[in-house]
Chemist: 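Structure provided below as structure tokens; questions to follow.
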Amino acid sequence: MTKAAAMDLGSNTLRLLVAEVHKGNWRALGRGISTPRLGRGLAKGRPLDKKSKQMAFKAAQEFSAQARSLGASYICLGATQACRAATDGADFVEELARELKLDKATILSGGQEARLSRLGVMSRLEGEAEQAWLADVGGGSTELINLDNGSHPPCSIKTGAVALTETWNSQDPPTSDEMARLDEMAEQALAPHLAPLRQKGVQRLIATAGTAANAASLMLKLKQYRPEKVNNLNISLRDLDGLSGMLADIPLEKRRVLPGMERERADIIIAGMAILRGLLKGLGLTELTAMDAGLLEGILLDGLGFASKGD
């Protein structure tokens, strides 16, 4: 049995999982989450926001210390869209690896991110994966991954909760016209990628990452976040529509204190949910299955050399 830790450095959050791992099975010993928002204001050909980098470095420093205090003998980190796109993304990941003495630190390609998200989800998913697709809605991109033995190539869409929020640039709270424009923006970004999948006959949509997990937490009105409650929760399109409407009716500061709301996600949750709703509509489905498990768990298992069920 090995004690190990993984960090997932995304466009919005930095997350930590410390776990005992044995033959591909894992048990959480500790978790952490910080919101440096590395994707803030990021555009092609530009570096990461300086303040966001400082926040991310400090959080990663604290998380690596937390992992070692829990006995982790191996610590790895995977970075996604913000570090892929930024001119200094590679240098920043190298700095984290060097200064924090990480065993492995990598900028994941879209394909690698998709594969590892699948690996993490499959470690906790219940029910059939036949004709099922996974949506990993991140801050800067949305990854679509076939769960049915990975028989179709993954798809990376350059829209996520942070990126769409910044492009949308609405009032607080948004008007009905702005909500309609948001839905249109999400659907336009997704449509070219979803039409071919719909023709393949997608039967089930699994949704992982922060937007899906927070939507589940809001549905359950969790006062304290519990991953096991979120994993495998079915949420209907009708419920998502109602939740999105409720969130859009109240200002940001009231959104932050709702039961189940991750405070630092309150400003991007409406755009994130527009992507989830757009995915369901574009695939002709009426519900999704939310998962807390995903990329973070995949980074951990992959770092230790384990493969997904069905690989």
Side-chain angles (χ1 to χ4, degrees), residues 114 117-118 120-122 124-138 141-152 154-155 157 159-161 164 174 176 179-222 227-249 258 260-261 265 268-294:
S117 293
R118 178 178 184 270
V121 164
M122 293 298 283
R124 286 293 187 269
L125 182 65
E126 298 173 357
E128 293 295 324
E130 186 176 355
Q131 290 185 294
W133 280 74
L134 171 66
D136 181 340
V137 180
S141 67
T142 295
E143 314 301 323
L144 295 176
I145 308 108
N146 175 243
L147 290 183
D148 189 2
N149 295 318
S151 53
H152 299 284
C155 172
I157 305 171
T159 190
L164 186 56
S176 58
M179 287 297 293
R181 181 165 59 87
L182 175 65
D183 286 344
E184 183 178 351
M185 291 168 65
E187 290 170 17
Q188 285 180 349
L190 297 170
H193 307 276
L194 298 185
L197 299 188
R198 188 166 183 169
Q199 292 177 354
K200 297 178 188 296
V202 178
Q203 297 297 315
R204 187 182 185 191
L205 181 67
I206 318 297
T208 185
T211 294
N214 205 171
S217 180
L218 284 164
M219 290 293 301
L220 296 170
K221 298 182 179 179
L222 296 179
E228 69 277 10
K229 291 285 188 181
V230 168
N231 282 330
N232 298 290
L233 180 71
N234 292 324
I235 306 176
S236 70
L237 176 57
R238 183 175 180 177
D239 285 338
L240 284 175
D241 285 341
L243 186 57
S244 182
M246 180 273 289
L247 294 171
D249 282 342
L258 289 172
M261 175 61 74
R265 189 173 295 277
I268 62 171
I269 189 67
I270 296 176
M273 289 183 62
I275 295 172
L276 289 180
R277 291 162 54 237
L279 287 167
L280 284 173
K281 292 174 186 176
L283 293 171
L285 299 176
T286 58
E287 72 171 15
L288 58 79
T289 300
M291 295 293 295
D292 174 85

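For this chain, numbers begin at 1 and follow the sequence in order. Note that the structure is a prediction, hence the values are computed from the model and not measured.
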Chemist: Atom CE of Met219 and atom CG of Asp239: how far apart are they, to the nearest 0.5 Å?
Modeler: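 Atom-to-atom, Met219:CE and Asp239:CG are 3.5 Å apart.
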Chemist: Check whether any side-chain N or O of Thr142 sits under 3.5 Å from a backbone N or O of Val137 as a donor-acceptor pair, and report yes or no.
Modeler: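 No: the side chain of Thr142 does not pair with the backbone of Val137.
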Chemist: Would you check if Leu182 and Leu164 make a side-chain contact, meaning some heavy-atom pair closer than 4.5 Å?
Modeler: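 SC-SC contact between Leu182 and Leu164 confirmed.
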Chemist: If you take all heavy atoms of Gly260 and Ser217, which pair is closest and at what distance?
Modeler: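 Taking Gly260 first and Ser217 second, the nearest heavy atoms are O-OG, 2.9 Å.
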Chemist: Going by salt bridge (charged side-chain N to carboxylate O under 4.0 Å, His left out), name the pairs with one or both residues in residues 272-286, residues two or more places apart or in two chains.
Modeler: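 Found Asp183-Arg277, Glu187-Lys281, Asp241-Arg277.
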Chemist: Is there a side-chain contact (heavy atoms from CB on, under 4.5 Å) between Gln131 and Val202? Walk through the geometry before answering.
Modeler: CA-CA 5 Å; Gln131 290 185 294; Val202 178; over 6 Å; no
Chemist: For Ile145 versus Ser117, what's the shortest heavy-atom pair and its separation?
Modeler: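 Taking Ile145 first and Ser117 second, the nearest heavy atoms are CD1-CB, 4.2 Å.
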Chemist: Could you give the distance from CE (Met273) to OG1 (Thr211), rounded to the nearest 0.5 Å?
Modeler: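 Reported to 0.5 Å precision, the distance equals 8.5 Å.
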Chemist: Between atom CZ of Arg265 and atom CG of Leu218, what is the distance when rounded to the nearest 0.5 Å?
Modeler: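 The CZ atom of Arg265 sits 10.5 Å away from the CG atom of Leu218.
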Chemist: Any heavy-atom pair between the side chains of Leu194 and Leu279 that's under 4.5 Å?
Modeler: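 Counting from C-beta outward, Leu279 and Leu194 do come under 4.5 Å.
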Chemist: Could you tell me whether the side chain of Leu258 reaches within less than 4.5 Å of the side chain of Leu247, counting heavy atoms only?
Modeler: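 Contact flag for Leu247/Leu258 side chains = yes.
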Chemist: Begin from the C-alpha positions of Leu197 and Trp133 and carry the test side-chain contact (heavy atoms from CB on, under 4.5 Å) through to its verdict.
Modeler: CA-CA 9 Å; Leu197 299 188; Trp133 280 74; 3.5 Å; yes
Chemist: Without swapping roles, check the side chain of Arg204 against the backbone of Ala129 for a donor-acceptor pair under 3.5 Å.
Modeler: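 Here the side-chain-to-backbone pair does not exist.
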Chemist: Indicate yes or no: at least one non-hydrogen side-chain atom of Val230 is less than 4.5 angstrom from one of Pro227.
Modeler: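 Side chain of Val230 against side chain of Pro227, heavy atoms only: no contact under 4.5 Å found.
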Chemist: Could you check Leu233 against Leu220 for side-chain contact (heavy atoms from CB on, under 4.5 Å), going step by step and ending with a plain yes or no?
Modeler: CA-CA 10 Å; Leu233 180 71; Leu220 296 170; 3.9 Å; yes
Chemist: What's the spacing between Lys200 NZ and Asn146 CG if we round to 0.5 Å?
Modeler: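 With rounding to 0.5 Å, NZ (Lys200) is 8.5 Å from CG (Asn146).
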Chemist: Return the minimal non-hydrogen interatomic distance between Ala274 and Ala186, and the atom names on each side.
Modeler: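 Residues Ala274 and Ala186, closest heavy atoms: O-CB, 3.8 Å.
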Chemist: With the side chain counted from C-beta on, respond yes when Ser236 and Thr286 share a heavy-atom pair under 4.5 Å apart, and no when they do not.
Modeler: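 Side chain of Ser236 against side chain of Thr286, heavy atoms only: no contact under 4.5 Å found.
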Chemist: Atom CD of residue position Glu287 - does it have more than 12 heavy atoms of other residues, nucleotides or ligands inside 6.0 Å?
Modeler: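 Yes, CD of Glu287 has more than 12 neighbouring heavy atoms, counting only those of other groups under 6.0 Å.
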Chemist: Does any part of the side chain of Leu125, heavy atoms only, come nearer than 4.5 Å to the side chain of Ile206, both counted from C-beta?
Modeler: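 In contact.
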Chemist: Kindly give the heavy-atom pair with the smallest separation between His193 and Cys155, and that separation in Å.
Modeler: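 Heavy-atom minimum between the residues: ND1-SG, 3.3 Å.
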Chemist: Would you say Arg181 and Pro174 make side-chain contact, with heavy atoms under 4.5 Å?
Modeler: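 Arg181 vs Pro174: side chains apart.
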Chemist: Should Asp292 and Glu228 count as side-chain neighbours, where that means a heavy-atom distance under 4.5 Å?
Modeler: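 A side-chain contact under 4.5 Å is absent here.
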Chemist: Measure across Asp136 and Ala209 and return the closest heavy-atom pair with its distance rounded to 0.1 Å.
Modeler: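 In terms of heavy atoms, the two residues are closest at OD1-CB, 3.2 Å.
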Chemist: What do the steps show when you test Leu280 against Leu240 for side-chain contact (heavy atoms from CB on, under 4.5 Å), and what is the final call?
Modeler: CA-CA 10 Å; Leu280 284 173; Leu240 284 175; 3.8 Å; yes
Chemist: Can you name the closest pair of heavy atoms from Ile157 and Leu144 and give their distance?
Modeler: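 The pair with the smallest heavy-atom distance is CD1-CD1, 3.8 Å.
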Chemist: How many angstroms lie between CG in Leu134 and CE in Met122, if you round to the nearest 0.5 Å?
Modeler: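 The distance works out to 10.0 Å.
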Chemist: Out of curiosity, Leu283 CG to Arg198 CZ, how far, rounded to the nearest 0.5 Å?
Modeler: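 Atom-to-atom, Leu283:CG and Arg198:CZ are 7.5 Å apart.
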